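Fair warning: this is a prediction, and the values are worked out from it, not measured in the lab. Whatever order the structure lists ligands and atoms in, that order sets their numbers, starting from 1.
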Amino acid sequence: MCGIIGAISKADVLPILLDGLKRLEYRGYDSSGLAIIQEKGSLSRLRAPGKLIELERTIDASEGIHGRTGIAHTRWATHGPPTENNAHPHVSGERIALVCNGIVENHEELRNWLVDEGMDFHSETDTEVIVNLIRLHMDRGSDFMSAVRESIGALKGAYALGIVNADEPGRIIGARRGSPLIVGVGKDETYLASDISALIAHTRDFIVLENGDIVDIDQNRVTITDLDGRPQDRDMRTSTLSPRSTELGNHRHYMEKEIHEQGQAASDTLEGRITARRVLEACFGTEAKRIFDKTRAIQILACGTSYHAGLVARYWLEDLGIPCQVEIASEFLSRKHAVPRDCLVVALSQSGETIDTLSSVAYAKECGYAHSLAICNAPDSSLVRDSELVLMTHAGPEIGVASTKAFVTQLVALRLFAIVMGRRAGLDMAEESKLVRELRELPARIESALELESAIQAIAEQFANKQHALFLGRGIHYPIALEGALKLKEISYVHAEAYPAGELKHGPLALVDSEMPVVSVAPNDMQLGKLKGNIEEVRARGGKLIVFADSDTRLSSRENLQVINVASVESSIAPIIFTIPLQLLAYHVALIKGTDIDKPRNLAKSVTVE
Ligand code: F6R
């Protein structure tokens, strides 16, 4: 979603803003822009639809835009298409410029009122009402800060804002409600950004703003207050991110890099959480034992890929005797709940800023769910700060919009969770020790699965002219089929649907003909016999099957059936291993199709609006 960066420096801020925008690209955007207070005290703004290169071209073609105070933005269109006019910053009266991440829910009402008051609008965005509100209040005598407060007081919705006033160079005001915003503190430089990755070339020291905070920054000072002007105390944090951790290295795409980092990411997520025989429960937090002891049921909430991880966890938890429900966060929000007693809400989110997931956790609390656990990859995120218990996944920064290593580490974290909950339902020491041993082998097993890449590359060629694909899985591998289909559609734009294989003849079999590739995962488990039957149903109708099969299944290639053997693994980790070939397939199909793999069209990395 939209990315914000702002900077005040004793030197020119243009390079800082451009570098920050590049580092925010991963969030997803379709236009960008910046506004800088020039030395002579005038406000200059440049914007461009499309990728950042277009903004850079616009800058090169301009008379130059330099100064010591500026704000910049990558916009992911919500209200109005990604045109230059709709790109941020929005300006009012040539003096006030504003960038926003979020949605102003009452923008129509405010716009009508502002038009009646004589204000002009030049875009279709909801954001422009904010900058016009600020100017109106200033025209009526309010100072800059008071005008911001008065304007924010009138807004409904979620937002993060960065605002400059050409009459006050050296000052940026920021505000946060709902959407993430941080302040970076450097040497004689202060910054505002959506996340620390935007600033990592300049500082690691930052302050996370809380909902309701208004921040006033200059080159050496940060003042945080609430809407009524009361001072707010926020801790300074130091990021462990290194500028190199977000570099591409020798890889063609971040997605490729991140797929290949999964062995290490799994190992990092296990590190310090297991002994030779046990999962260390303390890794969930000091309150974990008390809360887990009284937990009788689990409600998992998540979106997209994280939801698929939740679906896998349901099989693991219920297999160990723990009742578990999994729901897409936005759907959970859309209905009333009959709340089970002593039910722990588990929120899964790579970014920890997905608004639907955050809102669903808040709603669960309102409904009376007992406690919450966050499984998250972003330590300073809203989700982590708002949850009672936290288990961090240690995937490292994930830049590719399509989630890969974050998904695998969520599964690792959920495996740890299933084991500690399983103890309460009778999992004994010997069984736990076996499961932990299998987990220890996971990083090496992931590395072996990655060796399938050249075989998968060859298979991907068959998708060069395909528009549709079906994915099949049974039992715990049905969510893995869902994830494989999601990866393929996200990055290659091939329409891919996943079905539980048993559902095939209840409808989707009608789609199968010699043009339809059907991808299946076939681990050597109790479902194998039935899955083989489903494979034959597809073959009999001329469908082209691609089956990733455990080498112990003895499935072999024949007409209309290509089998790629995946080294045999224990069933406890099989879903993680079978994810890898499906990620590689999606990646290589997208490579052949020539799509923008790391930044697929219309998608954002962190979905901070509903
Ligand atoms: C797909 C993908 C998305 C996210 C979803 C939730 O590859 O990445 O489906 O999984 O937007 O995001 P988080 O996990 O950050 O809450």
Counting non-hydrogen protein atoms only, what is the nearest one to atom 8 (O) of ligand 1? Give residue, atom name and distance. Ser403 CB, 3.3 Å
Any N or O on Thr305 sitting closer than 3.5 Å to an N or O of ligand 1? yes
Applying the side chain to side chain donor-acceptor pair (under 3.5 Å) criterion to His371, which one of Lys365, Glu287, Glu388 satisfies it? Glu388
Which residue and non-hydrogen atom of the protein lie closest to atom 11 (O) of ligand 1, and at what distance in Å? Val607 CG2, 4.0 Å
Give the residue, atom name and distance (to 0.1 Å) of the protein heavy atom nearest atom 6 (C) of ligand 1. Cys303 O, 3.4 Å
Can Glu353 be said to touch ligand 1, with heavy atoms closer than 4.0 Å? no
Atom 15 (O) of ligand 1: nearest protein contact (heavy atom, Å): Ser351 OG, 2.7 Å
Considering only heavy atoms of Ser349, which atoms of ligand 1 have at least one such atom less than 4.0 Å away? 13 (P), 14 (O), 15 (O), 16 (O)
Leu383 heavy atom under 4.0 Å from ligand 1: no
Measure the acute angle between the ring planes of Tyr587 and His253, then classify it against the limits of 30° and 60° as parallel, tilted or perpendicular. perpendicular
What are the atoms of ligand 1, with element, lying closer than 4.0 Å to any heavy atom of Glu490? 1 (C), 2 (C), 7 (O)
Among all protein heavy atoms, pick the one closest to atom 12 (O) of ligand 1 and tell me residue, atom and distance. Thr354 OG1, 3.4 Å
Quick one, Arg273 with Leu280, criterion side-chain contact (heavy atoms from CB on, under 4.5 Å). Give me CA distance, side-chain angles, the key distance, then yes/no. CA-CA 5 Å; Arg273 273 99 184 249; Leu280 299 168; 5.6 Å; no
Among Gln583, Lys405, Glu447, whose side chain to side chain donor-acceptor pair (under 3.5 Å) with Gln262 holds? Gln583
So, regarding Gln410 and ligand 1 (criterion: nitrogen or oxygen to nitrogen or oxygen, under 3.5 Å), is there a contact or not? no
For the pair Phe578 and His477, evaluate ring-ring contact (aromatic ring centres under 6.0 Å, His included) and give the outcome as yes or no after the intermediate values. CA-CA 8 Å; Phe578 278 93; His477 288 87; 5.4 Å; yes
Mark yes or no for whether Thr269, through its side chain, and Thr393, through its backbone, hold a donor-acceptor pair below 3.5 Å. no
For the pair Phe284 and Phe292, evaluate ring-ring contact (aromatic ring centres under 6.0 Å, His included) and give the outcome as yes or no after the intermediate values. CA-CA 10 Å; Phe284 290 88; Phe292 290 168; 5.3 Å; yes
Element-labelled atoms of ligand 1 that are located less than 4.0 Å from some non-hydrogen atom of Lys487: 1 (C), 7 (O)
Go through the steps for Asp213 and Arg234 under the test salt bridge (Lys or Arg N to Asp or Glu O under 4.0 Å), then give the verdict. CA-CA 10 Å; Asp213 284 353; Arg234 304 282 173 244; 2.7 Å; yes
